[in-house]
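Some notes on the structure that comes next.
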Amino acid sequence: MSFEELLDLASRAVGGSVVAANDEFFAERDNLVNPWAPTFTPRTFGAKGQVYDGWETRRRREPGHDHAVLRLGAPGHVHGVVVDTAFFTGNYPPEASVEGCRADGYPSPAELARADWFPLVERAPLQGDTRNRFAVDAGRLVTHVRLTIHPDGGVARLRVHGVPAPDPRLLPDTVDLAAAELGGRVVDCSDRFYGSPGNLLLPGLAASMGEGWETRRRRDDGNDWVQVRLAAPGVIALAELDTSHFKGNAPGWAALTGPGGEPLLARTRLQPDTRHRFRLSHDGPVDGARLDIYPDGGMARLRLYGSLTPAAREGLAAPWTDQEAGEG
């Protein structure tokens with residue numbers, strides 16, 4: 001599996017932000033974590049020149065380098081980084097490096113500057129107008145990353161792909177066991193023609209059909225489905241099947257089953273453009289669920305609310321208790 005199939009831990013879609021940058025003269029640092037693909041409109045000029053959908057610093061006239069510090073929306077273990085220089089051609093950085101740190105709580109930029117930073121991507125050459133991909137040997141827990149460009153220039157997006165490691169001390173008794181920001185992940189699906197099934201597990205409400213999962217029109221007797229691995233084993237008490245924005249293309253019915261085929265929600269009629277909530281009753285914990293939709297169509301979100309098992313909470317705590325926190 002490519003590391004790019006893992007969650008972008010830095011994306012604003014899961015709460016990531018850029019907390020500091022030493023320079024953002026030509027284009028704002030906040031663009032680095034936008035979840036959508038970069039865009040470009042030629043000959044669109046502002047007071048500081050061509051408008052770029054990215055982060056761009058001024059031309060250096062002295063030795064040094066530029067940097068931006070990102071707070072991950074979902075702390076976790078990093079498996080890969082993408083330094084995307086889309087549309088930066090004569091103004092991209094020749095080289096970049098990426099570091100990580102663990103800093104508990106909500107440290108200020110000054111506190112982060114004193115944190116224990118460690119390399120994720122050693123200084124490496126970049127290509128312009130390119131998704132520069134770097135695999136990372138996942139190890140230590142990461143809460144923040146620092147992108148350093150050598151010496152200056154523009155980067156459209158920084159993607160930090162990995163596996164979330166939520167702090168169980170901050171989780172309530174009932175959580176969305178399928179939530180991407182906690183580690184829930186789609187492991188298989190029948191069709192992703194119009195939209196990624198991973199969108200089902202993102203935080204918040206979908207703003208449009210484009211932020212959900214939608215399949216092509218079926219012309220056979222089958223149905224579409226998504227297989228979800230939960231963030232950790234737990235007992236699901238309530239399911240939310242959200243068809244918001246899907247009106248002429250919502251599924252007619254849906255069902256939920258556990259990993260062994262045990263029924264969680266019998267085939268049930270759905271309405272278009274509606275957040276449906278269903279109480280579930282089953283005996284034991286599960287570590288995954290399958291959503292079947294009949295026959296096809298689109299869904300905005302899937303929520304599986306329940307309680308973690310004691311063993312699951314203990315397992316989630318390991319990355320937080322086995323390592324010392326960074327300064328901050």
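Because the structure is a prediction, the values reported are computed rather than measured.
There is no path of hydrophobic side-chain contacts, each under 4.5 Å, that joins L182 to V78. Under a hydrophobic-cluster definition in which Ile, Leu, Val, Met, Phe, Trp and Tyr are linked whenever side-chain heavy atoms come within less than 4.5 Å, directly or via other members, L158 and F26 are assigned to different clusters. Side-chain heavy atoms closer than 4.5 Å link hydrophobic residues (I, L, V, M, F, W, Y) into clusters, and following such links, even through other members, never connects W225 to L270. Both V18 and V155 are members of a single hydrophobic cluster when ILVMFWY side chains are connected at heavy-atom separations under 4.5 Å. V33 and L112 sit in two unconnected hydrophobic clusters of ILVMFWY residues. Membership requires side-chain heavy atoms under 4.5 Å apart, directly or through other members.
No side-chain donor-acceptor contact under 3.5 Å links E214 to the backbone of M299. Listed for the R60 side chain is a donor-acceptor partner under 3.5 Å among the backbone atoms of H65. D23 places a side-chain N or O within donor-acceptor distance of the main-chain N or O of R58, the cut-off being under 3.5 Å. No donor-acceptor distance shorter than 3.5 angstrom exists from the side chain of T130 to the backbone of N132, with no hydrogens or angles considered. Between the side chain of H282 and the main chain of L280, no donor-acceptor pair closer than 3.5 Å is present. In this structure, R71 contributes its side chain and G15 its backbone to a donor-acceptor pair below 3.5 Å. Without hydrogens or angle criteria, T274 side chain to T243 main chain gives no donor-acceptor distance under 3.5 Å. For D273 (side chain) and H245 (main-chain N/O), a donor-acceptor pair under 3.5 Å exists by modelled atom type. Side-chain atoms of D173 do not come within 3.5 Å of backbone N or O of S307 as any donor-acceptor pair. With hydrogens and angles ignored, the 3.5 Å screen pairs no side-chain donor or acceptor of S11 with any backbone N or O of L9.
Proximity of the aromatic rings of Y52 and F87 is defined here by a centroid distance below 6.0 angstrom, and this criterion is not met.
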message = E99 vs T148, test: side chain to side chain contact (heavy atoms under 4.5 Å, CB included). Steps then yes/no.
response = CA-CA 8 Å; E99 300 163 284; T148 301; 4.2 Å; yes
ask   = Hey, mind stepping through V136 and H79 against side chain to side chain contact (heavy atoms under 4.5 Å, CB included) and telling me if it holds?
value = CA-CA 5 Å; V136 174; H79 288 255; 5.7 Å; no
request  = Test R185 against L6 for side chain to side chain contact (heavy atoms under 4.5 Å, CB included), laying out the working first.
outcome  = CA-CA 8 Å; R185 186 159 62 89; L6 299 174; 4.1 Å; yes
inquiry  = Let's go through W320 and R102 carefully: what are the C-alpha distance in whole Å and the side-chain angles of both, what is the deciding distance for side chain to side chain contact (heavy atoms under 4.5 Å, CB included) to 0.1 Å, and is it a yes or a no?
reply    = CA-CA 10 Å; W320 295 90; R102 172 184 170 183; 3.5 Å; yes
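Minimum heavy-atom separation, F246 to A300: CE1-N, 3.7 Å. When every heavy atom of L304 is checked against every heavy atom of A289, the shortest pair comes out as CD1-CB, 3.9 Å. When all heavy atoms of P319 and G315 are compared, the closest pair comes out as CD-O, 3.7 Å. P35 and R159 get closest at one heavy-atom pair: O-NH2, 3.5 Å. For the residue pair V142 and V145, the shortest heavy atom distance occurs at CG1-CG1, 3.9 Å. Counting all heavy atoms, side chain and backbone alike, F88 lies closest to Y92 at O-CD2, 3.7 Å.
Here the side chains of Q50 and F40 are in contact, with some heavy-atom distance below 4.5 Å. Considering only heavy atoms from C-beta on, D296 stays 4.5 Å or farther from D191 through its side chain. Residues V51 and T41 form no side-chain contact, since every pair of their non-hydrogen atoms from C-beta on lies 4.5 Å or further apart. At a threshold of 4.5 Å between non-hydrogen side-chain atoms, the residues P168 and L308 do not count as touching. At least one side-chain heavy atom of V286 sits under 4.5 Å from a side-chain heavy atom of E262. For the pair R301/L202, a side-chain contact is recorded, criterion being any heavy-atom separation below 4.5 Å from C-beta on. L302 places a side-chain heavy atom less than 4.5 Å from the side chain of L241. By the 4.5 Å heavy-atom criterion applied to side chains, Q227 and C189 are not counted as neighbours.
Enclosure of atom CG in D137 is not indicated, since only 12 or fewer non-hydrogen atoms of other residues, nucleotides or ligands lie within 6.0 angstrom. With a 6.0 Å radius and a threshold of 12 heavy atoms from other residues, nucleotides or ligands, E28 has its CD atom at or below the threshold. Around the CH2 atom of W253, the shell of radius 6.0 Å holds no more than 12 heavy atoms that belong to other residues, nucleotides or ligands.
By the 4.0 Å N-to-carboxylate-O rule, R218 lies close enough to D224 to be salt-bridged with it.
When the side chain to side chain contact (heavy atoms under 4.5 Å, CB included) test is applied to R133, the partners found at least two apart in sequence or on another chain are F3, E4, V82, R131.
From L70, atom CG reaches atom OG1 of T143 across 11.5 Å, with rounding to the nearest 0.5 Å. Rounding to the nearest 0.5 angstrom, the gap separating the OG1 atom in T57 from the CD atom in E24 is 10.5 Å. Note that the CG atom of L265 and the NE2 atom of H276 stand 11.0 Å from one another [nearest 0.5 Å]. How far CG of L256 is from CZ of R290: 11.0 Å, rounded to the nearest 0.5 Å. To the nearest 0.5 angstrom, E56 atom CD is 10.5 Å from D66 atom CG. Between the CG atom of L238 and the CG atom of L177 there is a distance of 11.0 Å, given to the nearest 0.5 Å.
When each of D53, D8, T85 is tested with R157 by the rule side-chain hydrogen bond (donor to acceptor under 3.5 Å, both in side chains), just one qualifies, namely D53.
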